[in-house]
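What follows is one structure encoded as structure tokens, with my remarks underneath.
Sequence positions, counted from 1, serve as the residue numbers for this chain.
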Amino acid sequence: MDLGEPRFPFPYQPYSIQEEFMEALYSTIDEGKIGIFESPTGTGKSLSLICGSLAWLRDHQERKREEAARLLEEAGADSQQDTGRPSSSSAEPDWITDFVQKKAERDLVSKLKEEEMKRKKREERLELIRHNAQLKYALKRKTGADEEAARLLQLGRDAPQEEEEGPGPGAGLEDGEEELIVAEYESDDDVKPRNRFCDEDDDDDDLEEDHVTKIYYCSRTHSQLAQFVHEVQKSPFAGDVSLVTLGSRQNLCINEEVLRLGSIQLINDRCLEMQKNKHERKEKAADEEPKRRRGVAKAVCPFYKQGALQSLRDQVLAKVRDIEQLVALGKETKACPYYGGRLAIPAAQLVVLPYQTLLHEATRRASGIRLKDQVVIIDEAHNLTDTISCIHSSEISAAQVCCAHSQLSQYQERYRNRLKAKNLMYIKQILFVLDGLVRVLGGKVGQNPHSQTCQAGTELLTINDFLFRAMIDNINLFKVQRYFQKSLISRKLCGFVERYQGAGAKVASSNKENRRTEGLAHFLQSLQNGQKAQTVPTPDQTGAEEGRQTSMSSPMMQVEGFLLALTNANKDGRVVVQRQGVLAQSSVKFLLLNPAVHFAPVLKDCRAVIIAGGTMQPVSDFKDQLLLSAGVSVDRIAEFSCGHVTPPENILPIVLCSGPSGQELEFTFQNRETPQMMDEVGRILSNLCNVVPGGVVCFFPSYEYERRVLTHWGTSGALERLSAKKKIFQEPKKASQVEQVLTEYSKCIQRCGHTGGSLTGALLLSVVGGKMSEGINFSDELGRCVVMVGMPYPNIKSPELQEKMAYLDKNMPHVGGRSPGKALVENLCMKAVNQSIGRAIRHRGDYACILLLDRRYSRPATLHKLPDWIKASTRVQPAFGPAFGSVRKFFLEKRQQQGGA
């Protein structure tokens with residue numbers, strides 16, 4: 001590195017806190033530690049992560065090159081010295097030691113030479129693609145010529161054949177049914193999967209097999225990943241770094257026929273089926289059989305071609321692109337962005353991907369991600385513990401289990417004579433397990449679940465107790481799970497249902513086997529009708545309708561996920577049995593209690609892991625539940641928390657202990673619904689709306705409490721008084737309406753700012769943990785004041801939370817005399833508070849007031865759990881008068897400063 005070159009190249013002069021952040025990040029990665037990094041939104045966290053980590057990667061690669069060059073030079077010198085040295089023929093220990101040492105050195109030198117050759121070849125090729133437009137067009141022409149040749153060859157292969165084929169394994173089956181039968185299953189042992197990308201020989205294929213040192217960056221949503229990629233494009237590293245963005249098929253597929261299916265599950269199934277068809281076609285072509293059965297050629301994806309995928313891979317590595325740009329490139333080159341991106345992973349220096357792809361081991365393995373000695377950055381990680389628990393938890397309804405049982409029974413009946421003994425054995429085991437699951441819920445599999453009743457109630461069981469209760473404890477679920485994976489029975493069954501669902505009337509009655517499938521069609525129809533007959537669905541049911549329809553079309557995949565969850569260790573999870581009175585609505589849910597067991601492999605394999613977020617307080621959850629429980633030593637954990645770029649005088653956080661009438665503010669579950677407390681909240685907001693310009697955002701602990709308060713205000717007249725100063729908006733329950741409400745809220749504030757009049761802005765009533773408590777920016781006039789009504793504790797009566805608390809109390813150390821279970825409840829509350837109140841300050845020049853309405857916030861232990869940049873400025877005000885005076889003075893000074901400016 002040149003002396004004049006900055007250690008951390010940056011697109012502009014970084015803030016001092018950004019420099020501190022990058023220094024701490026560099027050290028944490030270099031020392032191979034686990035870092036918890038907190039940097040408030042608006043402080044340039046993404047750029048700091050990019051420039052700090054890529055600076056380390058640049059230096060690391062340079063050090064590796066220098067070390068390799070030194071070793072190669074020493075090896076050359078040693079080989080010259082060894083020339084002419086007589087070789088010993090004696091088998092003395094010294095000779096053996098010398099031989100082993102020399103062999104190890106030769107192997108190392110050979111490996112270094114090979115790596116150097118691959119690196120140079122790769123860099124030369126990427127340099128050509130980056131700077132040689134002619135090569136791009138040559139590749140395009142070559143791809144077009146290859147496609148034309150392949151099309152002509154295929155036409156020849158698909159030509160009708162005159163030869164008739166004698167009876168074979170497909171005899172007696174309708175066209176296309178052969179693919180529905182599971183392949184012969186001989187062994188429960190693991191078999192190394194064939195690499196689907198190595199079907200064709202290519203001189204460059206081996207270049208990308210070795211994974212270079214890289215950084216995996218993951219976040220929650222595709223939009224957050226796109227924002228991160230845009231920051232990389234603006235950074236000084238944009239021209240040098242090889243970046244690939246991973247996503248779901250739903251986001252990356254360019255095959256319109258597949259995309260039209262809509263549901264992500266159906267898109268995945270169709271894609272995999274087309275791949276299988278392509279491989280079968282290649283295998284048949286390789287066999288060069290003279291006779292073929294007549295029939296319609298199976299559909300293959302025109303964008304899944306090896307040459308085009310490799311061309312796309314190289315272009316992906318040559319230039320930084322987000323998902324939309326990757327899709328556009330895929331359409332231009334007629335190559336699949338989903339698989340082209342996966343091909344680029346080994347050679348990429350920066351891989352950008354969603355949470356689930358990294359945190360779920362099976363998905364990670366299927367995507368070709370190798371974490372050994374790599375760096376992982378998990379951004380927006382404030383809910384990481386819950387995210388891992390959700391990814392590895394599973395729920396299935398009795399209606400889905402009954403549907404899966406019926407489908408598999410019909411499948412077994414239809415193909416009984418064509419299934420090998422081991423396949424039949426496992427199918428019978430799966431049917432037995434499904435029968436047990438329904439039995440636990442108080443029903444029978446052979447009857448319509450919508451017409452069966454069961455005694456309502458909720459029960460929490462350990463995994464072992466659940467298996468005994470379902471009478472399936474004698475089934476080896478690990479072997480059953482392996483059978484699911486290798487036989488692809490869920491997908492075969494999905495294809496079988498797709499073929500016969502609703503087709504009972506169309507099936508030729510002369511075919512005895514086909515008539516058996518009429519029962520399946522009628523049963524599926526009864527399930528569908530049963531769902532439609534339900535009256536007045538709840539809002540949650542309405543929102544989940546589309547997902548439920550998908551899961552009913554392929555319920556065996558839900559079963560597969562649930563059975564996989566049951567293979568967790570007995571102490572790490574619980575099964576919640578929920579009986580709703582009607583069997584179809586009853587369900588069994590696996591609840592993961594120990595997320596560390598699934599996070600441990602990431603921590604073990606990676607060189608360093610960075611857990612980052614805008615608000616990470618309180619961090620004790622991350623340390624106790626994810627790191628220490630996974631076996632990480634305390635000295636390997638590094639913590640970093642920086643202040644905000646906005647000066648302290650731009651925020652006014654106040655803990656308010658009493659209201660204007662002297663009513664003590666303590667919103668416990670017992671007294672928060674009293675008329676006095678609801679009236680006091682109305683008075684506080686009314687006073688604030690008189691002095692706060694622009695937007696006021698008020699957070700309630702729940703939708704139900706918000707509804708009760710609004711109803712009370714409507715009768716007491718408080719709502720009318722508030723409406724005279726601020727136009728009132730309410731957070732919608734449907735996610736699709738959030739954008740519309742925010743737009744109207746923003747327009748109202750802008751209009752009031754320009755026209756004046758009696759209205760001074762808008763009041764937005766929101767809910768903690770709702771649609772607007774995370775990811776929404778109330779910058780500038782949109783959020784001059786954030787009000788938190790009470791402390792949003794989670795529902796302590798929830799069986800899931802009670803079980804989690806009991807698990808922590810049993811397995812975690814008690815700190816300061818407080819039980820880990822109670823600490824969890826308060827931490828969940830304060831995490832939600834911190835996410836909500838951080839919505840207002842979004843950049844250096846922004847300013848806002850934060851009011852916490854509850855005297856319990858004044859407790860030192862609770863204050864300690866606020867973010868440092870808020871905690872340092874927080875004032876505890878016992879009475880309303882002085883608090884209101886400081887708020888009025890705060891905004892008066894800001895107005896004067898703006899007027900002076």
Take the angle between the ring planes of Tyr12 and Phe10 and call it parallel below 30°, perpendicular above 60°, tilted in between.
perpendicular
Mutual orientation of the aromatic rings belonging to Phe891 and Tyr847 [parallel < 30°, tilted 30-60°, perpendicular > 60°]
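Answer is tilted, since the angle falls between 30° and 60°.
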Minimum heavy-atom distance between [X] and [Y], given as atom pair plus value:
X: Asp379; Y: Lys45; result: OD1-NZ, 2.7 Å
X: Asp809; Y: Gly821; result: OD1-N, 2.7 Å
X: Gly695; Y: Ile749; result: CA-CD1, 3.6 Å
X: Pro11; Y: Leu47; result: CG-CD1, 3.8 Å
X: Met678; Y: Arg672; result: CG-O, 3.8 Å

Please determine whether salt bridge (Lys or Arg N to Asp or Glu O under 4.0 Å) holds for the pair Glu639 and Lys623, giving the CA-CA distance in whole Å, both sets of side-chain angles, and the decisive distance to 0.1 Å.
CA-CA 10 Å; Glu639 290 182 49; Lys623 290 167 68 175; 2.8 Å; yes
With side-chain contact (heavy atoms from CB on, under 4.5 Å) as the criterion, how do Ile684 and Leu665 come out once you've worked through the C-alpha distance, each side chain's angles and the decisive distance to 0.1 Å?
CA-CA 11 Å; Ile684 292 168; Leu665 301 177; 3.9 Å; yes
Are more than 12 heavy atoms, taken from residues, nucleotides or ligands other than [X], located less than 6.0 Å from that residue's [atom1] atom?
X: Gln737; atom1: CD; result: yes
X: His864; atom1: NE2; result: no
X: Phe669; atom1: CZ; result: no
X: Lys871; atom1: NZ; result: yes

Which pairs of donor and acceptor atoms, one on a side chain in residues 872-879, lie under 3.5 Å apart (sequence neighbours left out)?
residue : atom : partner : partner atom : Å
Thr874  : OG1  : Ile870  : O            : 2.7

Less than 4.0 angstrom from a charged side-chain N to a carboxylate O is my criterion; do Lys747 and Glu744 meet it?
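Salt bridge absent between Lys747 and Glu744.
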Excluding sequence neighbours, so at least two apart, what forms side chain to side chain contact (heavy atoms under 4.5 Å, CB included) with Cys689?
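For Cys689 the side chain to side chain contact (heavy atoms under 4.5 Å, CB included) partners, ignoring immediate neighbours, are Leu722, Lys725, Lys726.
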Who are the salt bridge (charged side-chain N to carboxylate O under 4.0 Å, His left out) partners of Arg888, not counting sequence neighbours?
none
Test Met830 against Gln835 for side-chain contact (heavy atoms from CB on, under 4.5 Å), laying out the working first.
CA-CA 8 Å; Met830 291 308 295; Gln835 281 300 311; over 6 Å; no
Which distance, rounded to the nearest 0.5 Å, do you find between the CD1 of Ile796 and the NZ of Lys822?
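Interatomic distance, Ile796 CD1 to Lys822 NZ, rounded to 0.5 Å: 9.0 Å.
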Under the side-chain contact (heavy atoms from CB on, under 4.5 Å) rule, what do Glu680 and Met677 come out as? Steps first, then yes or no, please.
CA-CA 5 Å; Glu680 203 72 345; Met677 291 297 282; 5.6 Å; no
